[in-house]
Colleague: 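The structure under discussion is supplied below as structure tokens; questions concerning it will follow.
First the proteins, then the strands, lettered A, B, ... as listed; each starts at 1.
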Amino acid sequence: MSEAIVIENLTKYYNKFLALKGLSLKVPAKENVGLLGPNGAGKSTTLKILCGLLRASSGAAYIDGINVAENPSQALSRIGAIVETPEFYSFLTPEETLGYLGRLRGMGGDKLKARIKEVIKQVRLEDWSKVKIEKFSRGMKQRLGLAQTLLHDPPVLILDEPGLGLDPRGVVEFRDIIEKAGKEKTIFFASHQLTEVSQICNQVAIIDHGKLLAYDSITALEKKYKSLEGAYLELTEAPLE
Amino acid sequence: MSEFEKLRIVIGYEFLKHIRRKRLYIILALTLIAELAVLILVPVLGDGFPDNVMVMAALLSVGPSLAGIGAIFFAGDAIAGEFESKTGFILFTNPVKRSTLVIGKYLACYAAVALLVILGYVIVTISLLAIYGSVPIETLSSFGLCLLYAGAVLSVTFFFSAVMKGSMSATVITLVFIMVISPIVDSVLLMTGQPHWFLMSTNGDTIATVYGGYEAFMGGFGGMGDMPFEMETPAIGLSVLSMSLYLAVGFVASLFISNRRQLA
């Protein structure tokens with residue numbers, strides 16, 4: 001099976017602080033992989049490097065075999081991403097925002113208009129599609145964030161805490177959308193919500209202090225540690241060398 | 001899809017931003033107020049309008065100059081805002097070069113400022129025609145200098161916007177640099193008889209001094225009096241060179257810094 005995401009010996013320093021310490025992992029195409037770890041473990045840093053927002057101090061990240069640092073435009077054309085809580089230009093409406101992002105990705109005309117309608121319906125923002133984003137709550141922005149990841153139908157979704165700020169109904173709807181998308185796409189999904197991860201993903205990578213502690217199927221981890229929660233607690237508690 | 005096509009898209013949406021933001025209309029209102037103040041106060045406080053059309057033209061150039069300074073308010077958040085408000089987390093994950101985004105933002109800002117400058121000169125032209133029945137040819141030079149000045153101000157603002165973490169600090173630092181530091185250094189150099197053509201405040205003055213220099217300008221108000229030093233009118237050519245340098249260096253530096261800046 002080909003790999004959609006390859007992370008090779010990734011190291012990232014923020015000045016003297018070591019955020020990633022030679023992290024390596026591979027996400028096979030069309031697999032849904034959760035990235036777990038406590039705060040400051042290096043999850044967001046990893047995703048930001050994959051999205052070309054940060055440069056690695058050493059090592060490399062590949063999307064569909066394309067080196068993100070060397071060829072960001074080509075690599076980014078294959079992903080849809082939500083990194084942190086998405087923020088949008090407040091002076092635009094969701095329709096205009098998606099129009100802007102879609103056009104930047106080479107979409108246009110009636111096809112783009114139809115697709116915008118489709119994704120807006122998918123994230124249930126139909127009644128707000130012509131309202132300026134300045135009036136939006138955090139959860140609504142999160143919905144729009146998901147809409148923009150799906151807009152161009154990318155083969156890889158990179159999601160960093162996508163359920164943050166959503167109400168319980170929103171969380172369920174969100175999970176359904178991602179679960180559905182995950183049947184055809186590769187999903188690399190960072191979250192603190194173990195239940196959410198276990199419902200969407202079949203494999204998880206657990207990292208802490210920028211190091212990979214475990215990377216296995218949820219079933220295997222549950223077998224070894226009794227539960228995913230048990231695996232998380234035991235692995236992240238263990239002192240690092 | 002070529003980067004040029006993406007650039008056109010970025011310019012379009014960035015220009016829409018300026019059209020929808022209040023600051024465009026605030027700068028427009030200030031420009032109009034400045035022109036009105038000149039048109040009302042000069043005849044009220046003096047003995048009618050100055051005899052020399054050049055003096056009135058120079059006075060009226062304050063409006064468009066103000067519009068040029070308005071570039072600071074358009075561009076302060078152009079780059080810093082993407083990092084500060086985190087909109088970059090969405091925008092920068094798209095397959096578009098950072099340089100395309102910065103160039104697009106610059107050109108959209110410039111278009112918005114140029115619009116205000118053009119409007120300012122339309123008012124200058126109409127006013128001069130109404131009062132004097134003629135418009136000096138130097139108005140064209142003043143217009144060109146004002147557009148160049150706006151470009152230079154924009155580049156300096158983009159530079160600070162690329163360097164600073166926050167939009168507000170980028171705006172304030174640019175304002176301090178152009179409106180406080182530059183005039184202070186300008187005054188010192190002027191009084192000590194040193195060259196000062198390379199300062200932004202001197203460059204901004206040429207928008208008015210192109211109509212005949214400080215002496216002609218002050219002559220309209222009874223002369224320069226007993227000045228303790230000689231007010232040397234800045235040379236237009238050197239000012240053009242200076243503004244072009246601010247424009248090019250500021251812009252290239254902002255591009256370079258933006259490309260290297262990370263979104264942590």
Colleague: Could you walk me through whether Ile90(B) and Gln148(A) pass the side chain to side chain contact (heavy atoms under 4.5 Å, CB included) test, one step at a time?
Modeller: CA-CA 9 Å; Ile90(B) 294 290; Gln148(A) 64 85 30; 3.4 Å; yes
Colleague: Under 4.5 Å heavy-atom distance to chain B, tell me which part of Glu96(A) shows up: side chain, backbone, both or neither.
Modeller: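 For Glu96(A), the contact with chain B is made by backbone and side chain together.
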Colleague: Please classify the contact of Ile19(B) with chain A as side chain, backbone, both or neither, using a heavy-atom distance under 4.5 Å.
Modeller: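 For Ile19(B), neither part sits under 4.5 Å from chain A.
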Colleague: Can you list the steps and then say if Phe83(B) with Phe92(B) is a ring pair (Phe, Tyr, Trp, His ring centres under 6.0 Å)?
Modeller: CA-CA 10 Å; Phe83(B) 293 84; Phe92(B) 299 156; 5.6 Å; yes
Colleague: With a 4.5 angstrom heavy-atom cut-off, could you sort out which part of Glu5(B) is near chain A: side chain, backbone, both or neither?
Modeller: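 The answer is neither part of Glu5(B).
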Colleague: Between Arg98(B) and chain A, which part of the residue has a heavy atom less than 4.5 Å away: side chain, backbone, both or neither?
Modeller: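 Arg98(B) touches chain A through side-chain heavy atoms alone.
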Colleague: Against chain A, label Thr93(B) side chain, backbone, both or neither, depending on which of its atoms sit under 4.5 Å from a heavy atom there.
Modeller: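 The answer is both parts of Thr93(B).
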Colleague: Tyr246(B) and Tyr149(B): aromatic ring centres closer than 6.0 Å?
Modeller: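 They do not qualify: ring centres at least 6.0 Å apart.
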Colleague: Quick one: which of Asp160(A), Leu92(A), Ile82(A), Thr149(A) has the most heavy-atom pairs under 4.5 Å with chain B, could you say?
Modeller: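 If we count pairs closer than 4.5 Å to chain B, Leu92(A) comes out on top.
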Colleague: Tell me whether Glu196(A) is salt-bridged to Arg175(A), with the criterion being a basic N under 4.0 Å from an acidic carboxylate O.
Modeller: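 Salt bridge between Glu196(A) and Arg175(A), a charged N being under 4.0 Å from a carboxylate O: no.
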Colleague: Which one of Lys132(A), Arg78(A), His152(A), Arg103(A) has the most heavy-atom pairs closer than 4.5 Å to chain B?
Modeller: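 Top count of heavy-atom pairs under 4.5 Å with chain B: Arg103(A).
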Colleague: Identify which one of Ile33(B), Ile27(B), Leu30(B) satisfies the side chain to side chain contact (heavy atoms under 4.5 Å, CB included) criterion when paired with Leu66(B).
Modeller: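 Considering Ile33(B), Ile27(B), Leu30(B), a side chain to side chain contact (heavy atoms under 4.5 Å, CB included) with Leu66(B) is found only for Leu30(B).
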